[in-house]
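Structure, as structure tokens:
Every chain is numbered from 1 and lettered A, B, ... according to where its sequence line falls, protein lines coming before strand lines. Values below: every heavy atom of this structure, side chains too, minus hydrogens, waters and symmetry copies.
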Amino acid sequence: QPKGETVTEEETDAGDNAATSEHELAGKNVALILQQNLGTFSAQYIAGVEEQAEKFGGSVTVFNAEGDLAKMASNLDAAINQGADAILIDHGTKEALNQGVEKAVEQGIPVVAFDAGVDVEGVVSLEQGDQLMAELTLQKLSDDFNGEANIVKIWTAGYAPMERRQIAYEQFLKDNPGIKEVAAFGAATQNTALDTQAQMEAILKQYPNEGDITAVWAAWDEFAKGAVRAIEQAGRTDIKVYSIDMSDEDLQMIQKDGSPWVASAAVDPTDIGRIQVRYAYQLINGEEPEERVVLEPVFIDAAELPEETVTTETLSEYVEGWGASDQGYTDDLRELEGQ
Amino acid sequence: MQAVEKKSLSRPKNSAKENTVQFLFKYGAIILLVAIILYFSSLSEAFFSYGNFADILRSISIVTLLALGVTFTLVVDGFDLSVGSTMSLSTVVTASLMVWYDMPLWLVLLLPLLIGVAVGLVNSFLITVISIPDLLATLSMMYIVAGLHRTYTEGYSIYNNMPLTSGGVAPGQLSDAFLWIGQGQFIGLPVPVWIMVVMVLAAYLILDHTRWGRILYMTGGNAEAAKLSGVNVKKVKTLAYIISGVFASMAGVLFTARVGSGQIDAGAPLLMEAVAAVFVGYSVLGAGKPNALGTFFGAAVIGILLNGLTIQNLPYYAFDIIKGAVLVTALAVTYVYAKNKFAKS
Amino acid sequence: MQAVEKKSLSRPKNSAKENTVQFLFKYGAIILLVAIILYFSSLSEAFFSYGNFADILRSISIVTLLALGVTFTLVVDGFDLSVGSTMSLSTVVTASLMVWYDMPLWLVLLLPLLIGVAVGLVNSFLITVISIPDLLATLSMMYIVAGLHRTYTEGYSIYNNMPLTSGGVAPGQLSDAFLWIGQGQFIGLPVPVWIMVVMVLAAYLILDHTRWGRILYMTGGNAEAAKLSGVNVKKVKTLAYIISGVFASMAGVLFTARVGSGQIDAGAPLLMEAVAAVFVGYSVLGAGKPNALGTFFGAAVIGILLNGLTIQNLPYYAFDIIKGAVLVTALAVTYVYAKNKFAKS
Amino acid sequence: MQHLLTMQAIGKRFGHVTALQGGELTLTKGEVHALLGVNGAGKSTMIKILSGVYGPDSGEIRLDGNVVSLRSPKQAKEHGIYCVYQEVDTAIVAELTVAENILLDSFASGGSFLLSRKKINKQAKDTLAKLQMEEISVTRKAGTLTLAEKQLVLIARALVHSAKIIIFDEPTAPLSLTESDKLFSVIQKLSADGVGCIFISHRLPEIFDISHRITVMREGKWVNTFVTEESYAEQIIEAMLGEALSQELEDHPHPLGENLLEVKGLSDGGKLREVSLTVKTGEIVGIVGFVGAGKTELAKALFGASDKIVGTVEIAGKKTRLKHPGDAIRAGLALIPEERRKEGLFVYETLRTNASFPNLRKFSTGLFMNKTSETQFAEEIIGKLKIKTDDTETPLLHLSGGNQQKVVIGKWMSLDSLLYLFDEPTKGVDIGAKVDIFKLIRELAGSGKGCLYFSSEIHEAIGISDRILVMYDGQIVKELSRQEATQERILFYASGGKEELIKTEKLSEREHSSVSV
Ligand SMILES: Nc1ncnc2c1ncn2[C@@H]1O[C@H](COP(=O)(O)OP(=O)(O)OP(=O)(O)O)[C@@H](O)[C@H]1O
Ligand SMILES: Nc1ncnc2c1ncn2[C@@H]1O[C@H](COP(=O)(O)OP(=O)(O)OP(=O)(O)O)[C@@H](O)[C@H]1O
Ligand SMILES: [Mg+2]
Ligand SMILES: [Mg+2]
């Protein structure tokens, strides 16, 4: 990628200062264990991790398992063997990771997991407010159509956050009998957005008439992207899309004229990365933070966005609470960052 | 004459089987297409309409370009498995040229083609100079190019106004002129359909009606004989892989224009469809060899089949089975025919 | 003798090149491994420890099983691209047998192997009876089996107490006895490492020291000559593909036990690593042909390389490039060597 | 005489094999120059150098007095040198039509970019007309042609262009007598037009018919050049074979026993039709015919290597069904196939593993191979067959053709077979090894084995066989006893001659055909 024009001097300086400082928390190596590179979301998330670690004067090693859980477990082993100072986990399953995480904890390596489902004592688990995000978007959907809608659900099982969203979804349908699910599908594949697009096109052919489908609820923005493209290219202006999660690419799609994508709820992926690093440093610093951290989601309504294009970086100017999370900071950490 | 008569008399069974294979080989693909169209038309009125066919044609245009490239390599008795990755690379490069570097349209259309040329050159280097078998060489390149395209974008897809990892926002946008290539209409047909038709015809003319085409087929049919006739076999193979690379990168450009962004891994899922199209096309009108019209035809059969099955609400995850089965059937017909033909000579 | 001397006198350059290739071919892989280990050991003290090597061995155990299957098909001059999909299918079937149907352990271990046998049979049917070239036949099967495994689970991964599409919750769980296969320890080494070691040794003994191995290699060396020496070539090829299928399904079972759930598409990303392992293994100690120890060795080289490179903080998206490059290098050495050897005749 | 072409001191080496050392050839305008020599004498290599396929290691080529460099077939063609190659299948593109195959050279060498099918077809038809072969349809796929038709297509390919020199490398081998005659009239016409023709053939009579001069080569060297009109066949044969080797193989009459093999009405659904024959113990039966007569098919059918076989086969009085070579081996048969590298050997493997392969059980204890007994056996056959090799572990690739052939024979020695099928066992084998092989065959027969000897080298078959069966077009058309078998008789039947049409006296007129090896 090319250099952008607006590299902030401040940031790079901060990194340099910390790196050269003599602070006892400086120079730590953080291992980031990814299950899968999920497109833009992952890229921004990793950027957040790297940015925060750099500010603390540390460095990041990224282990990507390309979706392969066995490799993810091996990567975890490798990180432990290499003596990482802290381990961050992004997704994965309890069954595959618990063993490795226990080993890490035994060896005194701090572990912070994000949406990984691991349940080992001493490990900080981050989760997005999944149920809340589901509720927020579903409520908006219901409000937009006065509680009467035929919806398509795009969702997949097998991921802890997905299942938490599913719980909220089922509860919501029970409470709102006017909302009917006409179809449900979804799969996390090597190429989720494109595959979803093909499936959504099929669904649209199946329900060709206006009103057959009022809206699509996508439990993940990769699903939403595929659905939005399918709807746009079929020229179906009658269908709206509600989703969870938000990346830059999503924002561009939402801001497009006449976009069917009207709302989303999300935690800033960059923020997730930053917060995860902060908790890791708390652990390194010997503090004892709470073990279950729920990240505060933000609701984004397309109507609130301005005319000019915004990015996740500038989004905070229009959406309250975005990209400005202070979660996980302690005085020690601020001091470290301020060096 | 006598011998022939005697032969067919003494083996009536065999002969009947042979005839069936011959017939299937010659008209099987066409019968299949007509049957599929009739079947789906009977199920849905919307199917047999100008609009739907234009849609189907548009939907197969990218695969067809990819498959044309594969056709050229098969003509010279090679095989290019790297086309999917090359297309992915071309997709992100095309988008990046506009979004990251704000380049003029002509460069945006030209540079990706050079990437295709480069991949073709590396492929043919591995094959003709290092003597790695075609399939293995292009399989490796498939992975390398896939890795390159991901490294190039650092794992991001490329879209208008994307923020850059180094901070700031990308300066450019996909221009409307560019998007017209993938989404516009021209004299009543979508632009991608025009591009596909022109390319199929060009490939057909080159392969079937020019000296070059003859040299390509000659090289594929019997490299030794071609060499003895004064053909520089390595050069011809190199050319075929370059053509394949260029077609793949054209497919990538078209994909970017169609989708309006530079998606990661856009080409990978299209590889099998392209290969299947070529093999289904082998049999069109009994050509018995890779040919441009057949490839188009094969892509159409698969496109219509998938379109129809989608309407039939077949679960998406079963599509791979259908595609694989179509490919196996096409291969089986091709190779059973080849076996028969060989036995006869 | 005279001839050789004369040749080396008149073309000293070529001869030096030849010698280099010979040397590289014989010791290249070992030198590479030692160099890699030394380099990484110099970077990190933790690298050269019993624990780390045990972990690395465990991490390559699944790929090695897969690669052993590919080795068998390469020995008979075939090629199995469907092993990745077969492994995926076996993974989800293994998990489903426990989670959906709550079956006893022996059935859970047996049934997936039968799937491997079935895939092997279909592969060899396409290859030996229909005469579709190995790579194309197994490529098609790769897609079909991938489609099947997704259709079987309807696109879901399978895990303990998963909700079922029909409502309710799955009755079974992955048992501890089963998980021990993937996660347990046995006499100081992880169980998967034991399984791998036993399988590598078994494959080595069979291929290098038994009558069967001889028949497999000879069939691969020259099928026609083997046939005229009384070997039933089709049967031998069929056997090789069945063995390949069984190894792939064993890899799938091991994967399920390692991960504790039945992931969709588990095998697909491992295909290239397995193929690369086999080709790197070609050259081990100058065997010049697919061999079991070489395959293990190849898997180890790649495993250690990736392990080390990750620590070097190479961007994760560039790994495919490294893997592809390792594969190309292995192929180049193999085929340049073959060319040299052939040219001498 | 103004020399159109002079080739001098041509040397060529393939790895360890010296194909040529001191090849010479001159050609004048309008001359038909025959090039003669036993198999492997270097004829094909010589003309491949002339047509630019191989670059010579040494020597010089002059065209019209000027030294030329012919580095590629293209360059040779630019100099007006065209060649009809010996191996038909290396030069035919099966998927293209006859017309396209005839015009193959012109596609490669430039010309108009767009092609008109009509024009191509017409041009091809005209060329075929010159050969009086209009009945070959120019739109057929070349792959469906018979071997003879393919050969004619290749000849036509050379006639398309205005050539200075045309080389014919054994063009008549697969042709019938009438087809050969047509070719000769074309060659005569070319010669009258001033084209120099180089003609290679193993058939002496036609060489005396058509050539002006004859150059004989032996072991890659020029031996002599004769003016045809002033020379005799005996002279030429002597030059080809060399004095030392022209002694006859001693004929040891040996007793024949019971019928070992009895074949009735064998057909393979393809070439073979209604073949019946018998072999007694201790008997060597020669089966002779031209390329394409179906000898190899017969050998393979007997060995169970072809599908769709009808007819009965009795071995040692027992009716046997041969569905697979495995059955044949169990029944006591052994096949030494024609294409030894393709069908008989594993060239990248060692002598040891090759030798033990047909009988692995004998060399294994339980399931595991017993290398000691393998090595023992390999050493045994090395000694017995006088195989020249460093040790039992050298890959066969590095052995010479004759020694490879001995391995193919030797590998059956562990089985104690009853009946040996030799398909062209002397093909590509040097003269010394040839004698060894003949001795070996005689030895086998002497020890009570049956032998079937398939060959298109008529004089060799005459020399070794107790009885000769002549094949033509998939059938056995004539049985000749040792006394009746002469080169002319066999040639006559092998080219499809019918008994009623000839007077037998005319045939037995020239009884001088030497039975040399
Ligand atoms: N490409 C090659 N590689 C290795 N050896 C070769 C090659 N071509 C020819 N030879 C060897 O060179 C020698 C001469 O072969 P050549 O084909 O010229 O003989 P020929 O006189 O044409 O014989 P024939 O009558 O059988 O056609 C033989 O020993 C042959 O084995
Ligand atoms: N009709 C044909 N078309 C093409 N090739 C043929 C044909 N007939 C024979 N041949 C080729 O000639 C070779 C020998 O043919 P075949 O086995 O039928 O006869 P043969 O009597 O054994 O001849 P040979 O003297 O070569 O042993 C085969 O390898 C085959 O490739
Ligand atoms: Mg020759
Ligand atoms: Mg023969």
Q: Please examine the side chains of C:Y159 and A:E163, heavy atoms only from C-beta on, and report whether any two atoms are closer than 4.5 Å.
A: yes
(Q) Can you tell me if A:Q107 has over 12 outside heavy atoms packed within less than 6.0 Å of its CD? (A) yes
Q: For A:L69 and C:S261, work out which heavy atoms get closest and say how close.
A: CD1-OG, 4.1 Å
Q) Are A:E95 and C:R258 close enough for a salt bridge, meaning some N to O gap below 4.0 Å? A) no
Q: Identify which of A:N98, A:D77, A:L97 forms the greatest number of heavy-atom pairs closer than 4.5 Å to chain C.
A: A:D77
Q. Does A:Q171 have any side chain to side chain donor-acceptor pair (under 3.5 Å) partners at least two apart in sequence or in another chain, and if so, which?
A. A:D175
Q. What is the minimum heavy-atom distance between A:T93 and C:Q263, and which atoms define it?
A. CG2-NE2, 4.2 Å
Q: Could you tell me which residues in residues 51-62 of chain C have at least one non-hydrogen atom under 4.5 Å from a non-hydrogen atom of chain A, sorted by residue number?
A: C:G51, C:N52, C:D55, C:R58, C:S59, C:I62
Q | Interface moiety of A:K94 toward chain C, non-hydrogen atoms closer than 4.5 Å | A | neither
Q) Say you draw a straight line from CD of A:Q82 to OG of C:S49; how long is it, rounded to the nearest 0.5 Å? A) 8.0 Å
